[in-house]
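Notes for the one structure printed next.
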Amino acid sequence: MKNQEDLKKASAKAALDYIKMGQVIGLGSGSTVNHFITALASIKSKIEGVVAASVNTEKYLKQHGIPILNLNTAGELALYIDGADEVNPQLQLIKGGGGALTREKIIAAASKHFICIADESKYVGLLGQGALPIEVIPMGRSYVAREIVKLGGFPAYRDNFLTDNGNIILDTQNWDFTDPIRLERLLNNIPGVVCNGLFAQRPADTLLLATDSGVKTTER
Ligand code: 5RP
């Protein structure tokens, strides 16, 4: 049995095959993405640069001498690569365990091709096995939490955590995930919500799922 870090490394390495000469790529955040950056460093001259979804990803890219670009000047990106907390058979995701969900969602939306890299523990039949993170403007915290309760959700304030955008996170549970697109829109409609961690309207296009028997590729 391979351990989880080895599986994360294997899925990250498999994503290298999708990179073409001269591309600008988008990158999410988290330990699987960090494994990807380590692998990317060996072919960094092939790409123009990376648009990063978090300060942590930017730091790691800098350590590896990989150029960082700005989304506002980069235009549409050819490729976005990111991990996930959960992925279902439709390649819809829950993200935001690391709190970078808003920038991740923007870059995913601005990219032609979204590759999700994950170890097999992230694969679920139905989303919602763990918490669904929601990024909230700090002054709206109590109001948004009450609205979530009215909708049947259980919100928990993420202690001692601010996002790169200066906002708080409510980790929520008890949702009906049978229609993830509807739930994503419903939560976005609460004033004070910046973004929620459901990636259903813009799911991944390709999943590279590392298992003990190798990396399995699923296309949407
Ligand atoms: C950060 C994320 C990450 O992609 C997610 O938490 C998975 O992280 P890891 O690769 O460390 O398991 O959504 O906001």
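Computed from heavy atoms alone, side chains included, the values below leave out hydrogens, waters and symmetry copies. We count ligands from 1, going down the list as the structure has it; atoms in each ligand are counted the same way.
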Is there a heavy atom in Gly28 that sits closer than 4.0 Å to ligand 1?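 No, that is not the case, since the closest heavy atom of the residue is not under 4.0 Å from the ligand.
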Identity and distance of the protein heavy atom lying nearest [atom]:
{"atom": "atom 12 (O) of ligand 1", "result": "Lys122 NZ, 2.7 Å"}
{"atom": "atom 1 (C) of ligand 1", "result": "Glu104 OE2, 3.2 Å"}
{"atom": "atom 4 (O) of ligand 1", "result": "Lys95 NZ, 2.9 Å"}
{"atom": "atom 6 (O) of ligand 1", "result": "Asp85 OD1, 2.6 Å"}
{"atom": "atom 10 (O) of ligand 1", "result": "Thr32 OG1, 2.6 Å"}

Drop me the distance from [X]'s [atom1] to [Y]'s [atom2], to the nearest 0.5 angstrom.
{"X": "His35", "Y": "Asp119", "atom1": "NE2", "atom2": "CG", "value": "9.5 Å"}
{"X": "Tyr123", "Y": "Lys216", "atom1": "OH", "atom2": "NZ", "value": "9.5 Å"}
{"X": "Ile115", "Y": "Ile25", "atom1": "CD1", "atom2": "CD1", "value": "9.0 Å"}
{"X": "Asp212", "Y": "Asp6", "atom1": "CG", "atom2": "CG", "value": "10.0 Å"}

Are Glu104 and Lys95 close enough for a salt bridge, meaning some N to O gap below 4.0 Å?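 Counted as a salt bridge, because a side-chain N and a carboxylate O are separated by less than 4.0 Å.
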Are any of the side-chain nitrogens in Asp171 or Arg158 under 4.0 Å away from the carboxylate oxygens of its partner?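 Looking at Arg158 together with Asp171, the answer is yes, because their closest N to O distance falls below 4.0 Å.
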Nearest neighbour of atom 9 (P) of ligand 1 from the list Gly98, Ser31, Gly130, Ser29, on a heavy-atom basis: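 When every heavy atom of Gly98, Ser31, Gly130, Ser29 is considered, Ser31 comes closest to atom 9 (P) of ligand 1.
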Close side-chain approach of Val51 to Leu77, heavy-atom, < 4.5 Å: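 A side-chain contact under 4.5 Å exists here.
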Side-chain touch Val194/Asn165, heavy atoms, less than 4.5 angstrom: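 No, side chains not in contact.
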For [X], counting its heavy atoms only, list the atoms of ligand 1 lying under 4.0 Å from any of them.
{"X": "Gly83", "result": "4 (O)"}
{"X": "Asp82", "result": "4 (O)"}
{"X": "Gly99", "result": "14 (O)"}
{"X": "Gly96", "result": "2 (C), 13 (O), 14 (O)"}
{"X": "Ala100", "result": "14 (O)"}
{"X": "Lys8", "result": "9 (P), 11 (O), 12 (O)"}

How does Ala84 reach ligand 1, if at all, at less than 4.0 Å between non-hydrogen atoms: by side chain, backbone, both, or neither?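 The backbone, only.
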Answer with side chain, backbone, both or neither: which part of Val33 has a heavy atom less than 4.0 angstrom from an atom of ligand 1?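 The answer is neither; Val33 stays 4.0 Å or more away.
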Would you find a donor on one side and an acceptor on the other, under 3.5 Å apart, between the side chain of Lys105 and the backbone of Asn196?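 Yes.
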If you measure every N/O of Gly30 against every N/O of ligand 1, is any gap under 3.5 Å?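 In fact, backbone or side chain, Gly30 has no N or O that close.
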State whether a side-chain donor-acceptor pair under 3.5 Å links Ser54 with Asn56.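 No - no donor-acceptor pair under 3.5 Å links their side chains.
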